[in-house]
Protein chains: 2
Amino acid sequence: MIHSNSSKPDQNHLAVDVVHVLIKTNHYFNREFEKRLSSLEMPITLSGSRLRVLTMVGKMGEIRMSQLAEKLGVQAGTVTDLVDALQRDKLISRVPDPKDRRAMLLKLTEKAEKHLEPIHVIQSELAEKMLKRFSPEQRYQLIHLLEGMMDNLNLD
Amino acid sequence: MIHSNSSKPDQNHLAVDVVHVLIKTNHYFNREFEKRLSSLEMPITLSGSRLRVLTMVGKMGEIRMSQLAEKLGVQAGTVTDLVDALQRDKLISRVPDPKDRRAMLLKLTEKAEKHLEPIHVIQSELAEKMLKRFSPEQRYQLIHLLEGMMDNLNLD
DNA sequence: TATTGTTATACTCTATAACTATA
DNA sequence: TATAGTTATAGAGTATAACAATA
């Protein structure tokens with residue numbers, strides 16, 4: 001058999017290009033998002049990681065430390081630190097799980113819900129700007145293509 | 001009462017969804033890429049940031065610290081630190097710019113070129129896996145849509 | 001005066017590993 | 001013994017701001 005690696009050079013090159021554009025687009029979004037966030041002059045500044053924690057906890061409603069670590073793809077100790085910081089800012093509550101005395105359950109506080117509102121507005125506005133003049137079909141198409149990429153990652 | 005925010009709820013919601021899928025796809029790629037990189041057992045481990053520096057310097061051939069900072073979207077001091085580390089590992093060389101005695105010119109060393117090879121192979125393989133069964137048309141489409149998002153960011 | 005790069009300081013994110021309490 | 005979470009330690013990445021040398 002011939003080199004599997006160089007049998008389709010053009011196609012391969014194109015694949016790398018797609019990934020590079022993906023990374024770049026993500027980077028552009030992040031940079032602009034962080035810029036808008038910091039210009040919001042909020043009493044508490046949320047980094048990307050902390051925001052991801054809050055969003056995940058909000059989505060799950062109630063979640064254990066270990067589950068959260070798994071969902072975020074980080075270590076248990078990292079979650080402990082992040083939650084410590086968020087709890088200090090009264091954005092998250094940590095209560096013992098009545099069913100397992102080793103475990104802790106995390107929940108958003110009301111303060112967090114209020115805090116997240118303007119952030120979600122910014123996110124939404126920025127998303128809309130980046131997708132200006134994209135038809136609904138194009139938006140679905142983009143979602144579909146990206147989801148296809150993730151699906152491929154979970155194959156064999 | 002009607003929220004000014006919900007005038008175009010479906011479309012707006014879709015825009016945020018697109019961005020979320022984008023971020024998630026990027027995250028999936030990064031996680032898998034870092035995993036494969038670390039399993040490569042290389043003598044020097046390159047973080048995402050250092051890799052981005054090397055890739056950019058490689059692409060430009062020769063570049064100033066200040067240009068590099070601008071390209072990467074980070075502060076000058078950050079670049080100094082990154083380059084310090086890469087120079088310590090003999091992956092980058094720093095020579096004074098003969099035309100401007102304040103400036104430094106960065107270049108990859110031969111060691112870096114050799115070092116980057118297997119990394120590019122991994123990147124290419126992973127990209128190809130994620131785009132398996134995507135037709136060339138779909139690949140171009142994806143690139144086109146993502147570039148459209150970046151273009152929109154630079155408007156008004 | 002403005003620009004190039006460095007240094008100093010501080011904070012966030014992250015991993016690894018050792019540890020405690022509970023299952 | 002295994003699991004849930006914490007603590008300790010260390011290192012990378014980043015920003016801000018003050019600084020020196022040169023333009």
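None of these values were measured; they are calculated from a predicted model. Each chain gets a letter, A, B and so on, in the order its sequence line appears, and its residues count up from 1.
By the 6.0 Å contact criterion, NE2 on A:His144 is open, its count of non-hydrogen atoms from other residues, nucleotides or ligands being 12 or less. Within 6.0 Å of atom NZ in B:Lys129, more than 12 heavy atoms from other residues, nucleotides or ligands are found, so the atom counts as buried in its surroundings. Counting non-hydrogen atoms of neighbouring residues, nucleotides and ligands closer than 6.0 angstrom, the NZ atom of A:Lys111 exceeds 12 such neighbours.
Across all strands, A:Gly77 comes closer than 4.0 Å to base atoms (heavy-atom distances).
Mapping B:Ala76 and B:Leu82 onto DNA chain D via the closest heavy atom, the residue that lands nearer the 5' end is B:Leu82. Closest-nucleotide positions on DNA chain C for A:Arg101 and A:Gly73 were compared, and the one nearer the 5' end corresponds to A:Gly73.
Between B:Thr80 and C:dG5 there is no side-chain N or O to OP1 or OP2 distance below 4.0 Å. Neither OP1 nor OP2 of D:dA4 sits under 4.0 Å from any side-chain N or O of A:Arg94. In terms of phosphate contacts, A:Ser49 brings a side-chain nitrogen or oxygen within less than 4.0 Å of OP1 or OP2 of C:dT14.
Nucleotide C:dA21 holds its P atom 16 Å from the CG atom of A:Asp100, rounded to whole Å. The separation between A:Leu106 atom CG and D:dG5 atom C1' is 11 Å, rounded to whole Å. The distance from atom CZ of B:Arg102 to atom C1' of D:dA20 is 12 Å, rounded to the nearest whole Å. Between the NZ atom of A:Lys99 and the C1' atom of D:dA4 there is a distance of 16 Å, given to the nearest Å. The interatomic distance linking A:Asp97 (CG) with C:dT22 (P) rounds to 14 Å, in whole Å. Rounded to an integer number of Å, the gap from B:Arg88 CZ to D:dG11 C1' is 11 Å. A:Arg64 has its CZ atom 6 Å from the P atom of D:dG5, to the nearest Å. In this structure, the CG atom of A:Leu46 is 17 Å from the P atom of C:dC11, given to the nearest Å.
One hydrophobic cluster, built from ILVMFWY side chains closer than 4.5 Å, holds both A:Leu14 and B:Phe29.
Of all nucleotides listed (D:dA12, D:dT7, D:dA15), D:dT7 comes nearest to the side chain of A:Asp81. Closest approach to the B:Gln75 side chain among D:dT6, C:dA15, D:dT16 is made by D:dT16 (side chain taken as heavy atoms from C-beta onward).
The main-chain N or O of B:Phe134 is found under 3.5 Å from a side-chain atom of B:Arg139 such that the two form a donor-acceptor pair.
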